[in-house]
Structure formats: structure tokens, C-alpha cells
Amino acid sequence: MLYIGIDLGTSSVKLLLMDENGTVENIVSREYPLYFPHPGWSEQEPADWYRETVQGLKELLEGFDKSQVNGISFGGQMHGLVILDENDEVIRPAILWNDGRTTEECDYLNDKIGKEKLSEYTANISFTGFTAPKILWLKKNEPENFARIQKIMLPKDYLAYRLTGVHCTDVSDASGMLLLDVKNRRWSREMCEICHITEDMLPRLFESYESVGTVSPEIAKELGISENVKVAAGAGDNAAAAVATGTVGDGNCNISLGTSGTIFISSEKFGVDENNALHAFCDANGAYHLMGCMLSAASCNKWWLEEIIGTKDYDKEQGRITKLGENHVYYLPYLMGERSPYNNPNARATFIGMTMDTTRADMSQAVLEGVAFALRDSFEIAKKLGIVIERTKICGGGAKSPLWKRIIANVLNIKVDVLKTEEGPSLGGAMLAAVACGEYETVEEAAKKLVEIVDTVEPEPELVQKYEERYRQFQNIYPTCKELFDQII
């Protein structure tokens with residue numbers, strides 16, 4: 001049988017075809033526009049997602065026996081606000097996870113409603129990227145659109161709706177809305193009241209591995225697949241990537257180096273750190289996870305190389321870097337503000353420490369190290385909770401760089417396990433579809449049978465010590481610059 005995973009990313013949709021043994025048979029990517037109508041805003045058209053997904057599905061299945069397609073599921077960018085009217089038509093462009101317009105709304109939620117209450121209701125506090133503050137922004141700034149809302153959805157769930165006609169979401173993705181009672185895996189009545197919405201405006205909740213229905217007759221005909229193809233709820237991108245890397249069960253860790261960067265720690269038990277610096281979310285396997293999320297990770301490297309230097313030869317640029325742990329240039333990777341652990345949309349990317357003998361390689365190295373140092377900021381919070389992490393999996397576009405993996409292993413002083421397949425959320429989506437169709441009994445079983453480690457990057461004691469000193473210096477930069485960021489925004 002064949003299973004399809006759809007990763008609805010920020011710049012493109014990636015579709016993956018997997019057989020029942022976990023062999024990746026085909027991969028297709030389709031790009032779509034990203035709009036910045038005002039500084040700090042970030043939007044996309046859901047119609048673009050759907051159009052490119054359908055076209056991508058056709059390309060993905062070309063040359064394969066379509067009768068063998070058994071299930072479809074998703075990983076997807078989290079937190080985005082998609083609103084539908086009484087005819088299930090999209091009311092306005094989706095406001096994305098990296099949109100920073102909701103500073104006032106976040107201040108209201110965190111300061112007026114109070115962080116303690118928010119944590120009690122949802123296990124989290126408000127961040128500008130989350131969905132609830134976007135709803136409040138819409139009510140204040142676009143009341144005519146707010147009045148038309150009949151359904152509030154997340155990006156990947158809009159695709160599920162278009163494929164099945166079912167308004168659905170899963171608990172891992174819903175955890176990032178600030179509308180879910182994470183501990184009890186249900187919508188928060190208190191947060192609905194605070195946001196002036198009703199629970200029936202929200203989609204039906206599923207576990208990530210549960211089937212929400214089957215494809216509609218129209219979709220089945222257009223794609224040439226059976227009307228019996230099941231569609232599973234899927235998961236937020238990081239929870240789906242965790243499935244693909246086998247980061248399920250208690251105490252496992254995964255680092256994702258995509259557009260954003262995350263450190264993801266799975267847990268059988270519900271838990272929250274006292275300052276809510278890490279997100280406490282539901283997991284894709286019926287349990288929970290803690291997650292530190294930085295808004296710009298591999299996107300920092302892409303920005304530096306392609307927009308500033310003007311090259312796409314990543315290997316050549318990284319080949320210039322030879323003196324790890326000895327760089328005196330530092331980089332704060334806050335191109336879109338920052339979430340974990342600072343929750344500051346006003347934070348900005350910053351180079352510091354350049355001198356007349358600073359080289360191009362030093363600057364490129366600082367970008368890679370800055371992302372690794374920022375990941376360690378979240379890692380340190382997990383350590384304070386008593387969580388012992390000795391190794392991590394790694395995925396995402398940045399994980400294809402041997403140099404970056406080496407830097408991360410030494411900055412965090414942990415072993416970094418390299419996977420045979422690093423396809424992230426799209427593979428996780430396909431695995432969830434296989435579980436929903438009964439190919440595997442549980443997510444854990446699928447992960448155990450399908451995920452293979454092919455290499456491990458070990459920390460090097462001498463380099464670990466050098467990076468320990470560099471990290472201590474890095475830690476001082478943001479507090480020193482914070483007041484300036486607030487002034488220049």
C-alpha cells in the first residue's frame with residue numbers, strides 16, 4: 001500500500017509518497033508566495049496552498065498504481081489563522097506563525113488576563129505568533145471580517161477540509177493556538193470567552209493518528225484514487241517531524257533546522273516550566289512534549305548567503321570555515337523577532353565583534369553558531385527542569401550540513417544522531433496515515449520499525465570547552481541589546 005504525507009510549509013508544500021515498509025517512493029515540492037503587506041506582517045493565500053497541493057498530488061502519483069493509495073495525512077506550519085464564512089469561503093489571507101502584528105494583544109493577554117491564568121487555561125502564555133492574539137487583533141482592526149467568522153482553522157487543517165469536507169484539527173497543532181486546554185486535550189471555554197468566540201467556531205479535535213474521514217468523491221475523481229482513501233488528522237510540523245525522527249516516548253529529543261528552529265522533547269507526562277519559556281503541547285502519539293522554538297534558523301543562513309553575499313553555493317561557503325570555537329564574531333538570529341525563550345517580537349538580528357581582519361568565513365560561521373547558541377538557550381531551560389538529554393535526532397534543511405551538525409553537537413555537548421531519511425514533517429505525515437489505516441498499531445510501533453540511525457556526531461571535548469566560553473559571551477548580548485531593540489523598532 002501507499003501513503004501520502006503533505007508538509008504544508010511556509011515557502012512550499014512538500015509531498016511524499018511512502019510504501020508500507022517506509023520506503024520513500026517519490027517526493028514533490030511546489031512553491032507559493034509569501035506576502036508582507038506591512039513591516040512585521042506575514043500572510044499567505046489558502047487558495048495557493050490548495051492549488052499547489054492538488055497539483056503536487058497529481059505529480060506525486062504520476063507513474064504509480066493509484067489504486068494502492070491507502071491514506072493521506074499532514075504536517076504543517078502551526079499557529080496560522082484561517083477564517084471561513086458561512087459558505088466555507090476564506091474571508092481574508094491567512095495570518096501566519098511568523099507574523100508580529102499582535103504585540104498589543106499579547107500584552108493584553110499576558111498582562112491583563114495574566115500569565116498565570118493563561119498557563120492554567122492552556123499550559124502556555126501568549127506569543128505574537130499564536131492564533132488567539134490574532135483573533136483579538138482581527139476583532140479590533142477588521143471587525144467586519146470578524147463578524148463573518150463561522151470557522152477558525154489552522155493551515156494544514158484547511159487542506160484536510162478541502163480534501164474531506166470535514167472541519168477538523170489535531171491536538172498537537174491546536175496546542176499552539178492558545179485556545180486548547182492542553183492537559184485535558186479539549187477546547188478551553190475560558191479562552192473562547194476571552195477571544196469572543198464560541199466553541200462551535202472551532203474545528204472538531206482528533207488525535208494526530210486518527211482518521212477524520214475519507215476523500216470526497218470530487219477529489220477522488222480528480223486525483224484518480226479511491227473514495228475509500230482515509231485522511232488522518234496529522235500534526236503540527238514539529239510534532240510530525242518528531243514522528244519521522246522516532247522522537248516518541250519519554251525523554252527523547254529532536255532538533256529541527258527548518259525556516260524556524262526547534263528543540264523538541266517528548267514526554268509521557270504533562271509538565272510546564274515555571275516561566276513558560278518552553279511550549280507545553282500535546283504530542284502526536286497521545287502524550288505530550290516540551291518545545292523551544294526560535295523563529296529564524298536555517299532561514300538565517302539562507303538570508304545571509306543568498307540575500308547578502310549573493311550565492312547559493314552553500315557547500316563552498318561552509319568550506320571556508322576552518323576555525324570552530326575560535327570566532328570572535330557573534331550573531332543574534334532574530335530576523336523575525338524571537339519566541340523561545342525571550343518572547344520578544346522586537347528583537348532583531350545583530351552581528352557584533354567585527355574588526356578589520358574579520359573575514360567572510362567568520363561572518364558565515366557566526367550565523368551557524370548563532371543559531372546553535374540560540375537553540376542552547378532553550379536547551380538550558382529543559383536542563384533546569386531536571387531533564388537529562390544525552391543525545392538528539394536532527395532534521396530539516398539545515399540538517400543536511402555536516403558542519404552545522406558538528407557545531408550543534410559541540411555547542412550543546414550532546415550526541416547528534418543522523419537519520420537515513422531526513423524528510424521531516426512529510427514523512428511523519430505519511431507515517432501517521434499508515435497508523436490511521438491500521439498498517440501499524442501505534443505511532444511508537446511505526447517509528448520503531450521505520451526510523452533508522454545511520455551515523456552519530458559525537459561532541460569533541462576540546463571544542464566543547466571552547467564553545468562553552470563562547471556561549472557564555474553570547475548569553476550577554478541579548479540582555480545588553482534589549483533596550484535598544486525596543487527603541488529602534
Find the distance between OG (Ser119) and CG (Asn124) and round it off to the nearest 0.5 Å.
-> 7.0 Å
Interatomic distance, CD@Glu317 vs CD1@Ile321, rounded to 0.5 Å, equals 8.0 Å
Test: [X] and [Y] ion pair at under 4.0 Å:
X	Y	result
Lys302	Glu307	no
Asp173	Lys156	yes
Asp417	Arg391	yes
Arg376	Glu468	yes
Glu43	Arg92	yes

Shortest non-hydrogen pair, Gly71 vs Ala433, comes out as C-CB, 3.7 Å
Identify the heavy atoms of Gly75 and Ala240 that sit nearest to each other, and give their distance.
-> CA-CB, 3.7 Å
Evaluate ring pair (Phe, Tyr, Trp, His ring centres under 6.0 Å) for Tyr478 paired with Tyr342, printing each intermediate quantity in order.
-> CA-CA 9 Å; Tyr478 171 79; Tyr342 298 119; 3.8 Å; yes
Just say parallel, tilted or perpendicular for the rings of Phe281 and Phe130, cut-offs at 30° and 60°.
-> tilted
Side-chain contact test, heavy atoms from C-beta onward, threshold under 4.5 Å: evaluate it for [X] versus [Y] and give yes or no.
X	Y	answer
Leu375	Ile408	yes
Asn26	Val28	yes
Asp273	Lys384	no
Leu15	Ser426	no
Arg472	Tyr467	no

Check whether NZ of the Lys or CZ of the Arg Arg348 lies under 6.0 Å from the centre of the six-membered ring of Phe485 and within 45 degrees of that ring's axis.
-> no
Determine whether a donor-acceptor pair (N or O, by modelled atom type, separation under 3.5 Å) exists between the side chain of [X] and the backbone of [Y].
X	Y	value
His328	Met354	no
Ser73	Gly234	yes
Glu20	Met1	yes

With salt bridge (charged side-chain N to carboxylate O under 4.0 Å, His left out) as the test, would you mind laying out the steps for Glu326 and Lys466 before giving the verdict?
-> CA-CA 7 Å; Glu326 300 177 11; Lys466 288 181 178 180; 2.9 Å; yes
Can you tell me if Asn110 and Ser126 form a side-chain donor-acceptor pair at under 3.5 Å?
-> no
Output, in order, the C-alpha distance, side-chain angles, deciding distance and verdict of side-chain hydrogen bond (donor to acceptor under 3.5 Å, both in side chains) for Tyr32 and Gln44.
-> CA-CA 8 Å; Tyr32 33 70; Gln44 282 179 328; 5.1 Å; no
Given the rule in the salt bridge (charged side-chain N to carboxylate O under 4.0 Å, His left out) test, do Lys58 and Glu62 qualify, once you have shown the distances and angles that lead to the verdict?
-> CA-CA 6 Å; Lys58 293 175 181 177; Glu62 190 172 344; over 6 Å; no
